[in-house]
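For reference, the structure discussed in these notes is given below.
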Amino acid sequence: MRKSLFIAIFALLAMAGMAQEKCYWVFFTDKNDTQFDPYSYFDAKAIERYNRCGADLYDISNYPLNDSYVNAVGSYSTELFGESRWLNAVGVVATDDNAASIARLPFVARVQEIVSHGTAACVETETKGVIGDAKDLLTDQLKRFGGQHFVDKGINGKGLRICVMDGGFPKVDTHPAFKHLRDNNQIVKTYNFPNRKENVYGWSTHGTMVLSCIAGINDEGQMLGLATGAEFLLARTEIDPEPFKEEVWGAQGAEWADKNGADIINSSLGYGKDRHWTRDMDGTSYVAKAANKAVEKGILVCNSAGNEGDDKRWMTIITPSDAENVLCVGGIDNDLEKYSHISFSSYGPTADKRRKPNVVAFGHAAVANPSGGFTDAYGTSFASPLTAGFCACAWQTMRDKTALEMKTEIEKSADLYPYFDYAFGYGVPQAAYFTGDLKPAERSFNLVQEKDGVKIAPVKVIENQYTFINVEGDDGVLLGYYKAYPDSTGIKLMNKDFGQGKKLNVSYNGFYDSCPISGHGGDIKVAANTRRLGGQDGTFPKIKEEGWQKMEFFQYDYNIGNATWNGFNRHFAFGRRWFYGKSYKIGMGLGLDWNRYVHLDKDSDIHPFHDQTIMRNMQIRGELMQRVVIRLWGINWDLGVYGGINATRRVKVVDKTYLVDDMGQPLPPEMCRTKYTMYNGVKAMNLFEYGATTRISYSIANVMNIGIYGSYRLSPVITKDGVLVVGGKANDPSPWSVGIEFEITP
């Protein structure tokens with residue numbers, strides 16, 4: 001009966017999974033029979049931008065979708081939640097069967113399930129009072145750009161229009177950080193794509209903090225962002241309960257920005273390891289294609305690199321930062337003295353080995369707090385808008401440049417350029433480059449070619465100034481990159497340590513030089529007085545088995561007691577699990593289990609003075625399971641079956657003979673006699689065990705899961721006719737167990 005019930009439950013779950021509604025992209029073959037007038041569709045600033053960059057107003061990507069196609073697809077869908085002109089596609093919710101029907105329509109090119117989940121590239125916030133020193137007009141995050149050069153020349157992004165795509169903008173309509181934007185009508189338009197209305201002043205606080213990094217001013221009059229004179233379009237494209245729809249809303253948001261005259265898009269959102277593999281970060285995602293399309297139409301796109309830097313299994317950026325034409329922004333520590341990669345900022349390169357990130361900015365920033373006042377926030381979410389505000393000011397000085405040309409100029413302005421590595425990109429952009437105040441860097445070192453290698457000889461040792469070093473292969477891919485504090489003797493790099501490197505690139509105190517090298521093969525080795533950046537070993541490994549992930553686990557639980565068994569029946573186990581998949585995983589595990597059951601029965605027939613029976617077994621256990629990953633809260637839910645073989649089976653009977661005095665009263669326990677009888681390999685315990693398991697766990701920093709665990713044993717512990725039957729089958733321990741579990745990524 002129990003087995004039949006168990007099978008029925010799993011059958012129902014399987015059927016429910018088959019009938020589950022999913023989100024899909026539906027791509028059309030053409031835009032036949034559609035009409036388009038760009039002069040009635042586009043804002044005047046958009047037309048001005050098209051003309052300035054030479055883009056085609058009548059490009060087919062600007063034409064609307066064919067309404068008859070959309071309506072036909074809608075008839076098969078539970079919901080049609082978005083359209084993309086650029087991709088010639090709609091986003092729908094449908095069952096698998098209806099999706100198959102849609103795919104057979106003659107005007108449908110393909111149907112593809114949406115498996116992306118946008119995440120805000122934000123780590124945490126720390127509430128504080130007023131930020132900064134009232135004597136300074138700029139916060140440190142802007143000083144790092146040399147922002148005073150813009151301020152001195154009255155450059156504040158005026159004439160530029162910036163679209164901020166995020167999850168909401170609560171209190172932007174009331175917070176004092178944005179009073180100047182409201183007073184001067186600089187917020188031109190807003191749109192809430194999930195709710196299909198204009199109001200965006202609610203929901204996620206992330207967008208409010210991001211906007212403050214572009215144009216906010218704190219209570220002391222200090223600028224949090226450089227583009228205080230720019231105009232703004234605010235688009236809500238993210239909503240936590242609808243992760244699969246965000247990709248469509250993101251594409252719509254970019255098209256809305258294009259239509260309404262945006263010059264710059266800032267997106268502190270991205271799609272990474274939650275639902276993708278590293279191999280997917282090659283610029284081919286649909287959000288990456290939409291971002292590249294925006295650049296083609298004259299819009300500069302700034303996007304966060306992501307916060308996966310602490311996860312050594314990932315070691316690449318997130319999409320759409322992987323798009324070739326997107327300005328990918330990584331993070332550094334908020335220090336004006338030292339130049340340090342902030343730990344969580346994602347490393348490049350892209351999956352196809354292109355150079356990312358492009359530039360960096362502070363990943364720890366002062367931001368407006370939607371709850372009132374100001375706060376500190378961490379994440380590349382804030383490095384990107386700080387850079388977007390910088391870009392608006394920079395572009396104000398070069399209005400004849402296209403978006404792609406401007407991206408190149410931003411890179412050239414960075415303080416490490418032309419040096420590049422996968423932690424810092426080209427460095428931090430500098431305002432002096434655009435205001436004409438940049439002084440040529442003085443030679444700070446010499447590269448001395450020696451017989452057995454190259455010596456980096458500093459002209460003068462500068463306190464707190466790193467030397468940045470990379471080794472480049474024939475194809476331009478970096479084989480290793482490092483930083484070091486030089487001393488007066490310099491840094492000696494040996495030919496034998498260059499691996500297969502062909503070029504050495506060095507930057508020190510703003511000066512750059514390079515020279516050819518002769519690597520002899522093998523792995524890159526690190527010079528004695530250098531250290532690797534971010535733990536990189538020069539090989540930049542990706543996940544080797546991207547389809548299967550492995551985790552170590554440990555369980556500790558109690559078998560729930562009944563009238564016969566005392567409830568202190570312990571079980572613990574450890575082993576390894578392997579999972580395949582992202583949002584929905586299938587998995588298997590193998591481990592060792594120890595069980596201990598304690599039975600109280602003074603009336604047992606085994607021994608006239610029997611008081612206690614203890615059964616122990618060591619079990620080799622395997623399990624099969626399915627895991628649903630709820631990315632919204634970082635929760636995993638597992639449901640599976642297990643089976644095991646009891647490798648050892650031992651029963652210990654504890655007999656205590658209680659002595660009494662002449663009055664029949666028991667004597668003290670220390671005067672009692674105890675006898676232990678051991679039975680090894682007895683048939684009292686079943687050889688096989690099997691049942692069902694479930695667990696709910698919470699993911700911590702993507703390296704450990706902690707949760708609660710439960711199991712239901714379908715097999716009895718005690719054999720029906722064993723030598724050592726304690727009370728018979730009816731007195732079998734309870735089949736229910738509950739406890740805690742830990743999973744750790746090795």
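It should be emphasised that the depicted structure is a prediction, and the values quoted were computed from it without experimental measurement.
- One finds no salt bridge joining Lys338 and Asp335 here, because no Lys/Arg side-chain nitrogen approaches an Asp/Glu carboxylate oxygen to under 4.0 Å.
- Heavy-atom neighbours of Glu198 CD from other residues, nucleotides or ligands within 6.0 Å: at or below the threshold of 12.
- To the nearest 0.5 Å, the span separating CG on Asn260 from NZ on Lys189 amounts to 4.0 Å.
- Note on ring orientation: taking the six-membered ring where Trp is involved, the planes of Tyr481 and Tyr422 are perpendicular (angle over 60°, cut-offs 30° and 60°).
- Between the Glu308 side chain and the Ile318 main chain, no donor and acceptor come within less than 3.5 Å of each other.
- A salt bridge between Arg443 and Asp513 is present, with a side-chain N of the basic residue lying under 4.0 Å from a carboxylate O of the acidic one.
- For the residue pair Ser384 / Asn266, a side-chain donor-acceptor distance below 3.5 Å is found, with atom types taken as modelled.
- Looking only at side-chain heavy atoms (C-beta outward), Val326 and Asn303 come within less than 4.5 Å of each other.
- One finds a salt bridge joining Lys153 and Asp437 here, because a Lys/Arg side-chain nitrogen approaches an Asp/Glu carboxylate oxygen to under 4.0 Å.
- No more than 12 heavy-atom neighbours from other residues, nucleotides or ligands sit within 6.0 angstrom of NZ on Lys158.
- If you look at His149 and Tyr433, their ring centroids are not closer than 6.0 Å.
- Salt bridge Asp173/Lys179: absent, no basic N to carboxylate O contact under 4.0 Å.
- Of the options Phe424, Tyr426, Tyr508, a ring-ring contact (aromatic ring centres under 6.0 Å, His included) to Phe468 is made by Phe424 and by none of the others.
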Checklist entry - Would Asp421 and Arg355 satisfy salt bridge (charged side-chain N to carboxylate O under 4.0 Å, His left out), going step by step from the backbone distance to the final call? => result CA-CA 8 Å; Asp421 65 43; Arg355 294 190 167 190; over 6 Å; no
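- Ring geometry for Phe374 versus His175: interplanar angle over 60°, hence perpendicular rather than tilted (30 to 60°).
- A cation-pi arrangement is present between Lys483 and Tyr466 under the rule of less than 6.0 angstrom and at most 45 degrees off the ring axis.
- Here Gln141 contributes atom CD and Gln222 contributes atom CD; the two are 9.5 Å apart, rounded to the nearest 0.5 Å.
- Between Asp263 and Arg399 a salt bridge is recorded (basic side-chain N to carboxylate O distance below 4.0 Å).
- Relative to the ring axis of Phe390, Arg144 does not place its NZ or CZ within 45° and under 6.0 Å from the centre.
- Looking at Lys356, its side chain does come within 3.5 Å of a backbone N or O of Ser321 through a donor-acceptor pair.
- The pair Arg49-Asp43 does not count as a salt bridge, with every side-chain nitrogen at least 4.0 angstrom from each carboxylate oxygen.
- In this model, a donor atom of one side chain and an acceptor atom of the other lie less than 3.5 Å apart for His206 and Ser381.
- More than 12 heavy atoms of other residues, nucleotides or ligands sit less than 6.0 Å from atom NZ of Lys407.
- Distance CG/Asp280 to OG/Ser285: 8.5 Å, rounded to 0.5 Å.
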Item to check | Audit row: Ile332, Ser340, side chain to side chain contact (heavy atoms under 4.5 Å, CB included) steps and yes/no | outcome: CA-CA 6 Å; Ile332 58 172; Ser340 300; over 6 Å; no
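- If you run side chain to side chain contact (heavy atoms under 4.5 Å, CB included) between Cys53 and each of Thr402, Val295, Asp400, only Thr402 comes through.
- Residues Ala368 and Leu224 share a closest heavy-atom pair of N-CD1, 4.0 Å.
- Here the two rings, on Tyr417 and Tyr512, have centers that are 6.0 Å apart or farther.
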Checklist entry - salt bridge (charged side-chain N to carboxylate O under 4.0 Å, His left out) between Glu255 and Lys259: does it pass, once the steps are laid out? => result CA-CA 6 Å; Glu255 294 174 29; Lys259 174 183 178 181; over 6 Å; no
